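This report refers to the structure that appears directly beneath it.
Computed over heavy atoms, backbone and side chain alike; hydrogens, waters and symmetry mates excluded. Keep in mind that what you see is a predicted model, and the values were worked out from it rather than measured.
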Amino acid sequence: MNAAPTVAVVVPVYNAAKTLRRCLTSVHAQTHRPVEVIVVDDGSADDSRAIAVESGCRLVVLPVNGGVSAARNAGVAASTAEVVFFVDSDVALAPDAIAAALAELAAHPDCGCVYGVYDPEPLIDDGPVERYRVLHLHAALTRAVGPVDSAIFALAAVPRRVLDELGGFDESLRSAEDDEYSERLLTRYGIRLSDAVRGWHDEADRLLPLLDEQYRRAQLIPFSLRNRYRPRGLVLNPTAGVAAAGLTALTLPAGFLHPGLAALPLLCLAGFVAADRPLFALLRRRGGWRLLGLGVGAHLLVNLALIAGALVGSARAVVDPSFGPSRRSTRPAVRPVETKGW
C-alpha cells in the first residue's frame, strides 16, 4: 500500500430507504474521499435505488436477492481501488472513519482488516429497545479494541490484495459470514478493532424483530464457536451470562413447586447481571433506572433467543448436510447488472 491508497466504498442494500441517504451523505463527507462509491441493491422493493442514484453513486443491481455476502462480493467485483471499505446501509460514518482505518492499516502492515466501533447514540433514535441494543454493541466493541480474532464488516476496511488472495464472502451464508471470513483472514493476516473508526448504527427498535434476528443468527453458532472462543475473539454476550440466562428460565417454575426454591431464579438473575456488569452500568449511566430495567429484561430475552437458536442450529447441522458454510468456491456467483440512471 502506498501513502495515500485509493478507496472504494461498498454499500450492500436491501430495503434501506430509511437510513441509506444518511449513510451515503456520511460517505461523501469523508476527509479521505473515496474514488468509488458503489451501492449494491439486493432486490429492494422500496426507494433504495432512487436514493442511490440521487446521491451520485454507482449502482449495481443484483437480479435476485442473494444476501449480504453476495452483495458485498458484487461490490468488490465492480470496484478497482486499492482498499475496499465496507459500510452497511444502516450505518453513517464519522467524517474521519476512512482516514482512521487507512492509518491503522499503514501502521500495521500485517493487518488484513480494520473495523470500527458503533457510537453509543443510535443513528435514528426510535425508542428504548433500540437504545439498549446500540449500547449493548457499543459496550462489547469498545472493550475489545485492539488486535482481535473476529471481524465485523459493517464498517470495515480491507486491502484489495487481501480480498484477491482470500476470495469473496461465502454466499451460502446470510448471517455469520463475518465469522467464516475471519477464519480465512487469520490464516495469513491480523485483524484490528479501532475506536478511531466510528459510525452511528440504526438497530432494531422493537423487541420481537430483535429476538427473531438473534434467533436466526444463533442457528449458525455451532459453526462459529471456534472463532468466537479464540483468545481474542469478539464476545458480544459473555458465556457466563448466557448460562445464567438459561438457568434463570429453567429455575423459574421452582417457586411454584416449593416456596423454599423461590430464590433460585433470583439468584440466577443476579448472576446474569453480574456477568455483564459493564453493559448494565452503561445502561444506567445513559438512560437511568428505566432504561436499566428495560435493558435487563431485553438482554435476558436476547440471551434466551440465542440459546434457542443455537439448539435448533445444532439439530439442523446433524440432520441437514447442506446447512452451514459452503464448501464450494467463495468467489462471487452472481453477475451484477449495472444501472447508471433511474
Intermediate values then yes/no, salt bridge (charged side-chain N to carboxylate O under 4.0 Å, His left out), D126 and K18: CA-CA 12 Å; D126 290 313; K18 176 184 175 183; 2.5 Å; yes
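Checked against V9 for a side chain to side chain contact (heavy atoms under 4.5 Å, CB included), the options V35, L93, V27 give a single hit: V27. For the pairing with H138, the side chain to side chain contact (heavy atoms under 4.5 Å, CB included) check across D119, D195, L282, L279 returns one residue only, L282.
Hydrophobic clustering, with ILVMFWY side chains joined whenever heavy atoms are under 4.5 angstrom apart, keeps Y14 apart from V91. Connection of I221 to V312 is not established within any shared hydrophobic cluster, with ILVMFWY side chains joined at heavy-atom distances below 4.5 Å, either directly or through further cluster members. L247 and L300 sit in two unconnected hydrophobic clusters of ILVMFWY residues. Membership requires side-chain heavy atoms under 4.5 Å apart, directly or through other members.
Judged by distance alone, with hydrogens and angles left aside, the side-chain atoms of D179 form no donor-acceptor pair with the main-chain N or O of S150 at under 3.5 Å. For the pair D149 (side chain) and R232 (backbone), a donor-acceptor distance under 3.5 Å is present. A donor-acceptor contact shorter than 3.5 Å links the side chain of H32 to the backbone of P5. In this structure, the side chain of S89 does not engage the main chain of L20 through any donor-acceptor pair within 3.5 Å. Formation of a donor-acceptor pair under 3.5 Å by the R198 side chain with backbone atoms of D96 is not found in this model.
Judged as a side chain to side chain donor-acceptor pair (under 3.5 Å), and not counting sequence neighbours, the contacts of H108 are R192.
By the 6.0 Å contact criterion, CZ on R290 is open, its count of non-hydrogen atoms from other residues, nucleotides or ligands being 12 or less.
Contact between Q214 and A305 at its shortest, heavy atoms only, is CB-CB, 4.3 Å.
A donor and an acceptor atom, one from each side chain of Y189 and E165, are located under 3.5 Å apart. A donor-acceptor contact under 3.5 angstrom links the side chains of H201 and D90, judged on distance only. Side-chain contact check for S79 and R160: at least one donor-acceptor pair (N or O, by modelled atom type) lies under 3.5 Å.
To the nearest 0.5 Å, atom CD of residue E36 and atom SG of residue C57 are 12.0 Å apart.
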